[in-house]
Amino acid sequence: MAGDTGRSGSVYGGASEPCTVVLFGASGDLAKRKVIPAMYDLAIHSALGPRYVIAGFARTPMSEDAFRSTLGDAAKSISEVGPIDPQQWDAFASNLYYRPGDYANSEAYTQLAKRLSELESSKNIGGNRLFYLSTPPEVYPDIVEQLGRAGLARPSAPNSWVHIIIEKPFGRDLASAKALNQIVLRVFDERQVYRIDHYLGKDTVQNLLVLRFGNGIFEPLWNRNYVDHVQITASETLGVERRGGFYETAGALRDMIQSHVLQLTSLVAVEPPASFDATSVRNEKLKVLQSIRPFDLEMVAQSVVRGQYAPGRLGEKPVPGYREEPNVNQASKTETFVAGKLLIDNWRWAGVPFYLRTGKRLAKRSTEIMIQFRRAPHIVFREKEIEPNRLILNIQPDEGISVSFGAKRPGTEMSIGNVTMNFCYREAFGEGTRSAYATLLNDCVRGDATLFDRGDSVEAAWSLVDPILDVWSAAKSAAVPQYPAGSWGPRESDVLLERDGRQWYNP
Ligand code: BG6
């Protein structure tokens, strides 16, 4: 399918005024791989304002030069914003600063405040500041409280803004998410707070809203009268890599379902908002989470499956099991796979199951939403076994949308074959999708919180997964089903759908 001209004008709206970004956790992996490359992309498109400063803060002792060169090396090898231009990088890097410090030490924040004022006055940057928390979540409370104490949570100049981006995981259960919200909201106002879920920054995820609410043909079908069921798959081929220590305390339910997969669910199910602004969109998304039927003990047993990868193969390559990964307990019961069935108790979706699954070391990397429509009410052809119509939204990596339907095979017989009509982002618009982090940073400096999570929604998502966590932690002695790395998860996951007379649509 051919598309139109693609994005017109600059790729980012960005900030029109100068700004300072303070990046906590600046020596960490996320900062190197995602956040700094995204800032570079914004900077070279003039979306960090006419002048900017990026001040890194982390525990690792390091000189400013070492900080710049470490980030440069990382960005050049792993950037997801396209090739880094050495000259543009040098110009960008001259705005990077670094200061090691302890997150809980108030003196470090007094020093930080002083340094920011010096840098800002030497570069003629007003008071616009963005604090980005890309640290381990345990230190979020310290940072927030210290920012408050050092007077950094309020704008230092008239007509300027202070925003704070907080990375996921936002809490590890409902109680901790509530406690964190309270701490954050004692220091900042909700309108200053940007809880990031990078899935919302993906073009293909936002396109879900455009597909539904920018076109007349899909929405009339988007309900219980026409949809048989929905499947959302977020599968990864990667294992836990170097994050074994973190993952042992998280697991797939916390790491992926509570955030990314429930975000996708909300966008598939959401009612049309009154307008595309932060309050309207987030109000509607919250209603979806509030309409999902809460899990009780029996529902967890019936409708939620967990699994853990055992040794297996990815293509030809043998790969170890989860319990053999670095920093993972050899008897670990942490789940690396979750599949579940949700029911949304509202007028649009009553009775339509939403099957969700996510896992590491699965057969293929793919994030996909599959809407399966009801079959035609009566088949007049001799061939009765016609495949159902499916609308597939491929979020990544082959970004696009396809619709499948039955078509007559050529020939004298009335024989029906299943065909698909495809839209591919790259072919249609002549360019790939943007880095999700760049999109979200751009929105944050512009003050647009539409694609960020609100405190009440984060809590609503935790209140859905909390009962599952409780059941699993009470069943400590229960074995976690194993699946070979490179498969589609444990057998129990297939059984979940087979019981309903359905099967997974494997990307
Ligand atoms: C992160 C999770 O939020 O999302 C990781 O912590 C996961 O475990 C990652 O690998 C997946 O993101 P993406 O954009 O690669 O699908």
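Counting starts at 1 for both ligands and their atoms, in listed order. Owing to the predicted nature of the structure, the values given are computational and were not obtained by experimental measurement. Atoms considered below: every heavy atom in the structure, side chains included; atoms not considered: hydrogens, waters and symmetry mates. Residues: numbered from 1 along the sequence shown.
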N/O pairs closer than 3.5 Å, ligand 1 and protein:
unit_1, atom_1, unit_2, atom_2, d
ligand 1, 3 (O), Lys168, NZ, 2.7
ligand 1, 3 (O), His260, NE2, 2.7
ligand 1, 4 (O), His260, NE2, 3.3
ligand 1, 6 (O), Lys168, NZ, 3.2
ligand 1, 6 (O), Arg243, NH2, 2.9
ligand 1, 6 (O), Asp255, OD1, 2.5
ligand 1, 6 (O), Asp255, OD2, 3.3
ligand 1, 8 (O), Arg243, NH1, 2.9
ligand 1, 8 (O), Asp255, OD2, 2.6
ligand 1, 8 (O), Lys360, NZ, 2.8
ligand 1, 10 (O), Glu236, OE1, 2.5
ligand 1, 10 (O), Glu236, OE2, 3.3
ligand 1, 10 (O), Lys360, NZ, 3.1
ligand 1, 12 (O), His198, NE2, 3.2
ligand 1, 14 (O), His198, NE2, 2.7
ligand 1, 14 (O), Lys202, NZ, 2.7
ligand 1, 16 (O), Tyr199, OH, 2.5
ligand 1, 16 (O), Gln396, NE2, 2.7

- Taking atom types as modelled, find out whether Asp142 and Tyr103 have a side-chain donor-acceptor pair closer than 3.5 angstrom. no
- Message: Please check this pair: side chain of Ser176 against backbone of Arg172, looking for a donor-acceptor N/O pair closer than 3.5 Å.
- Response: yes
- Pairwise side-chain contact, Leu71 with Lys32, heavy-atom cut-off 4.5 Å (strictly under): yes
- Message: I'd like to know if the side chain of Lys476 reaches the main chain of Ser473, judged simply by a donor and an acceptor atom lying under 3.5 Å from each other, with no hydrogens or angles considered.
- Response: yes
- When Gln482, Lys360, Glu325 are each screened for side chain to side chain donor-acceptor pair (under 3.5 Å) with Tyr309, the one that passes is Glu325
- Would you say the side-chain atoms of Arg361 pair up with the backbone N or O of Thr237, donor to acceptor, closer than 3.5 Å? yes
